[in-house]
Amino acid sequence: MLIEFDSSDTIEGVIRTATTASKHFGEDFEPQVRPADPRFGDFQANGVLPFAKKNNTNPRELAQKLIDALPQTDLWETSIAGPGFINFKLSPSYFLQWLEKFADNESIQKSIQTEKPKKIVLDYSGPNTAKQMHVGHIRSTIIGESLARLLQFLGHEVIRDNHLGDWGTQFGILLYAIKREQIVLDQLGPDPIAKLENLYRQGNKWIKEEESNLAEAREELVKLQNGDSENLTLWRKIKEISMDSFLSIYEILGVRFDHSLGESFYKDKVESIYEKLLSHQICKEDQGALVVFHPEHKRFSKQPFIIRKSDGASNYATTDLATVEYRKNEWNSDQIIYVTDGRQRDHFEQLFLTVEKWYSAEKRESPSLQHVWFGTILGDDNKAIKTRDGEPIKLIDLLNEAISRARKMVIEKKPDLTEEEVEKRSKAIGLGAVRYADLSQDRTLDYVFSWEKMLAMQGNTAPYLQYAVARICSIFRKAQVVPTQIPSTHYQPTTDSERSLARKFLFFPGVIKQTAKELKPHFLGCYLYELATEFSSFYNQSKVMVEEDEIKSLRLTLCARSLSILQIGMDILGIELLEEM
RNA sequence: GCGGGAGUAGCUCAGCUGGAUAGAGCAUCGGUCUUCUAAACCGAGGGUCCUGGGUUCGAAUCCCAGUUCCCGCGCCA
């Protein structure tokens with residue numbers, strides 16, 4: 001019998017073979033193999049219950065027929081429980097075979113990679129220029145990066161594109177403020193982006209104070225959009241300053257984009273969009289603007305998708321349409337994934353509907369479009385953190401605070417480390433904590449920002465996972481073997497802690513699949529935490545460095561597989577690991 | 001008004017798409033370091049899964065109604 005990486009697949013395959021051949025079941029029988037409660041077994045097949053219901057037979061008797069039809073094997077024991085569940089309790093021999101078959105990170109990756117690699121554009125982070133990234137901006141960057149890594153791990157070609165908000169109306173206000181204050185952009189001092197942000201805030205105040213100021217700001221924007229050279233020069237400088245600030249954050253977070261084509265990149269590509277959509281009668285003029293309605297849709301038949309404002313200017317919707325076209329034509333992408341705040345869901349739904357009609361009118365295949373949205377980070381008032389007024393916590397400050405708190409713990413624990421080592425560990429631990437705090441929770445949920453939450457280092461946190469890894473590495477150092485060169489063994493997982501750790505490995509494939517299917521990193525994060533918990537428990541109960549070589553080899557193998565899965569998983573989450581803590 | 005999301009332990013959250021006695025972390029209380037790293041481990045207490053109906057062998061999960069909070073809905077992105 002072939003042992004597959006995903007044990008559910010192995011079991012399901014065996015069941016299907018049996019049921020297809022059996023007169024009691026047939027081809028339409030769904031085994032429904034799921035991880036089981038450890039009290040009952042390792043996997044369970046639930047499919048008999050609904051099938052018996054549909055065919056008006058006794059489920060327990062039917063379950064018995066299924067078991068009778070299964071081939072004899074020493075890989076597992078089966079039993080019927082409750083109303084008709086079939087439990088599979090895997091044998092020690094199964095575990096040992098699995099452990100030997102998927103022996104290193106490469107073979108694990110190979111076993112799970114896709115057969116149909118796609119070219120996927122991942123659109124994430126996308127901060128607005130002239131503003132600093134604050135804590136509210138962390139989610140798109142971290143979630144997006146993690147999904148990029150996941151898809152790459154699965155064998156897809158991923159194009160990371162940072163769709164900068166560099167052509168919005170904020171420039172009217174900012175240019176107005178710069179001119180009013182007679183600011184020289186080259187002389188903004190050590191923290192130019194903060195200065196720009198203050199200017200923007202000041203400008204915002206001014207335009208609210210007086211009508212005429214608002215008019216002037218609008219005029220600056222029009223001049224910019226019409227290619228006024230003075231304003232364009234200022235705009236370029238602003239973008240440069242912004243990019244420097246973003247890049248320093250990406251550097252810390254280990255994020256690198258293949259492209260940073262902002263909205264400005266598409267400003268000359270929008271005219272043809274209007275023409276095409278008009279010629280296909282997808283959009284129409286309404287109240288002076290060019291809009292798209294979707295008559296078949298209950299809501300978007302009334303709620304417009306504005307692709308050209310009544311003043312003739314383009315907007316977010318327009319550039320997004322042009323962006324799809326560019327990514328399809330120039331990069332030949334099969335799929336585009338947008339990682340943005342959930343408040344933009346209507347926008348993307350409308351965008352996707354519009355693209356679908358447009359491409360189908362031209363009989364072209366549109367890329368598959370997906371909006372991976374996340375909840376908002378809220379302030380203490382339960383409202384979204386916003387930049388316009390007040391001073392939200394800067395992202396850079398959060399990251400630095402995380403590193404400095406980790407630093408205290410690192411030094412406390414090991415006072416004699418070199419400065420270089422302290423630096424390395426504090427960074428891995430502090431940033432890991434922040435990343436994990438966000439990634440370990442369902443992305444669709446809003447949460448209130450708190451230092452305590454973001455910087456926790458005990459319990460279900462990245463440092464806990466990193467600590468488990470450090471302990472494993474320590475064992476291998478003491479044992480003087482490398483994880484890939486452990487002597488083979490005949491000793492099978494026997495004790496409770498050996499068995500339950502080995503058992504945990506088997507659920508990794510399913511977790512990866514689910515994470516990829518729903519594009520929700522928290523499935524992986526939670527699993528890794530559970531795995532680390534199993535390992536810690538194993539570590540406390542079973543000494544690895546024992547006299548008996550056979551037992552030692554098995555336990556080293558369990559350490560090695562824990563390490564592999566933690567390495568792979570943490571790498572996908574973008575969290576660094578340490579060999580010592 | 002229309003549409004979307006959410007309501008699970010004192011707090012923060014999981015709950016594998018309908019499975020068996022609902023789980024973690026934090027906090028509280030108790031135990032474990034001359035033994036591979038105590039950022040750890042073991043244990044205890046803590047629940048009207050918002051409320052009320054329904055669907056069925058079986059519901060935190062699906063459907064309906066109500067309720068509370070959040071978000072979106074014509075020229076911001």
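Each chain gets a letter, A, B and so on, in the order the sequences are listed, and its residues count up from 1.
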Discussion item. Under 4.0 Å, counting only non-hydrogen atoms across every strand here, what does A:V291 touch: a base, just sugar-phosphate, or nothing?
Written reply: base
Fill in: salt bridge (Lys or Arg N to Asp or Glu O under 4.0 Å) partner of A:D42, the single match among A:R499, A:R34, A:K89
A:R499
Worksheet item: Distance between the P atoms of B:A59 and B:C70, in whole angstroms?
Response: 33 Å
Discussion item. Measure CG/A:L417 against P/B:A39 and give the value in whole Å, please.
Written reply: 14 Å
Practice prompt. For B:G54 versus B:U8, give the span between their P atoms, rounded off to a whole number of Å.
Written response: 24 Å
Discussion item. Whether A:R343 contacts B:C70 is assessed here as follows: a side-chain N or O lying under 4.0 Å from the phosphate OP1 or OP2. Is that the case?
Written reply: no
Pairs under 3.5 angstrom, nitrogen or oxygen only, protein versus nucleotides 58-65 of chain B, please.
none

Worksheet item: Does a sphere of radius 6.0 Å around NZ in A:K284 hold more than 12 heavy atoms from other residues, nucleotides or ligands, not counting ones at 6.0 Å or beyond?
Response: no
Fill in: Pairwise C1' distance, B:U21 and B:G15 [rounded to whole Å]
15 Å
Response to the item:
Here the residues of residues 314-323 of chain A within 4.0 Å heavy-atom distance, strictly under, of RNA chain B are A:N315, A:Y316
Item to complete: State whether A:Y447 and A:K453 meet the cation-pi test: NZ (Lys) or CZ (Arg) under 6.0 Å from the six-membered ring centroid, and within 45° of the perpendicular axis.
Response: yes
Worksheet item: Thinking salt bridges, do A:D381 and A:K383 make one under a 4.0 Å N-O criterion?
Response: no
Worksheet entry | Residues A:R201, A:E197: salt bridge by 4.0 Å N-O rule | yes
Worksheet item: Given atom CG of A:D446 and atom P of B:C70, what is their separation to the nearest angstrom?
Response: 11 Å
Discussion item. Return the pairing partner of B:C2 with a 3.5 Å limit on both distances, Watson-Crick or G-U wobble; otherwise return none.
Written reply: B:G72
Worksheet entry | Side-chain ion pair, A:E421 and A:R425, N-O less than 4.0 Å | yes
Discussion item. For the P atoms, the ones on B:G23 and on B:G43, what distance do you get once it is rounded to whole angstrom?
Written reply: 14 Å
Worksheet entry | Spacing between A:F293 atom CZ and B:C73 atom P, to the nearest angstrom | 15 Å
Fill in: A:N55, CG: over 12 other non-hydrogen atoms inside 6.0 angstrom
yes
Worksheet, complete the sentence: Scoring nucleotides 14-28 of chain B by protein non-hydrogen atoms under 4.0 Å (B base, S sugar-phosphate only, - none) yields SSBB-BBB--SSS--
Worksheet item: Separation of A:Y539 atom OH from B:A39 atom P, in whole Å?
Response: 10 Å
Worksheet entry | Mate of B:G45 where both pairing distances stay under 3.5 Å, Watson-Crick or G-U | none
Worksheet, complete the sentence: Taking a pair to mean Watson-Crick or G-U wobble geometry with both distances below 3.5 Å, B:C16 pairs with none
Discussion item. Please give me every residue in residues 164-175 of chain A whose heavy atoms get under 4.0 Å of an atom in RNA chain B, ordered by residue number.
Written reply: A:G168, A:T169
Worksheet item: Does A:E285 come within less than 4.0 Å of A:R308, counting only side-chain N to carboxylate O?
Response: yes
Under 3.5 Å, N/O pairs linking protein and nucleotides 42-46 of chain B:
from: B:C42; atom 1: OP1; to: A:S537; atom 2: OG; distance (Å): 3.1

Discussion item. Could you tell me how far apart A:L501 (CG) and B:C41 (C1') are, to the nearest whole angstrom?
Written reply: 15 Å
Practice prompt. Grab the CD1-C1' distance between A:I207 and B:C76 for me, whole Å please.
Written response: 11 Å
Discussion item. Closest-nucleotide mapping onto RNA chain B: is A:Q344 or A:M581 further toward the 5' terminus? I mean the 5' end.
Written reply: A:M581
Worksheet item: Base, sugar-phosphate, or nothing for A:K453, non-hydrogen atoms under 4.0 angstrom?
Response: sugar-phosphate
Practice prompt. Go through B:A77, B:C41, B:C36 for me and flag the one nearest to the A:S474 side chain.
Written response: B:C36
Worksheet entry | Sidechain N-carboxylate O distance under 4.0 Å for A:E401, A:R405 | yes
Discussion item. For the residue pair A:K543 and A:Y539, would you count it as a cation-pi contact if the rule is NZ or CZ under 6.0 angstrom from the ring centre and within 45 degrees of the ring axis?
Written reply: no
Item to complete: Record whether the side chain of A:D346 comes under 3.5 Å of the base of B:G4 through a donor-acceptor pair of N or O atoms.
Response: no
Worksheet item: Checking A:R443 side chain against A:W373 main chain: does a donor-acceptor pair fall under 3.5 Å?
Response: yes
Worksheet item: Nearest-Å distance, CD (A:E576) to C1' (B:A39)?
Response: 17 Å
Worksheet entry | Atom pair distance, as rounded to whole Å: CZ in A:F449 and P in B:C11 | 21 Å
Fill in: Span that lies between the P atom of B:A9 and that of B:A24, in whole angstrom
15 Å
Discussion item. With rounding to the closest Å, how many angstrom separate the C1' atoms on B:C71 and B:C76?
Written reply: 16 Å
Worksheet item: Considering only the C1' atoms, how many Å lie between B:C64 and B:U28, rounded to the nearest integer?
Response: 42 Å
Worksheet entry | Sub-4.0 Å heavy-atom contacts from residues 296-312 of chain A onto RNA chain B, ordered by number | A:K298, A:R299, A:Q303, A:P304, A:I306, A:K309, A:S310
Worksheet item: Quick one: is B:A38 close enough that its OP1 or OP2 comes under 4.0 Å of any side-chain N or O from A:K413?
Response: no
Item to complete: Using a strict 4.0 Å threshold on nitrogen-to-oxygen distance, state whether A:R299 and A:D346 make a salt bridge.
Response: yes
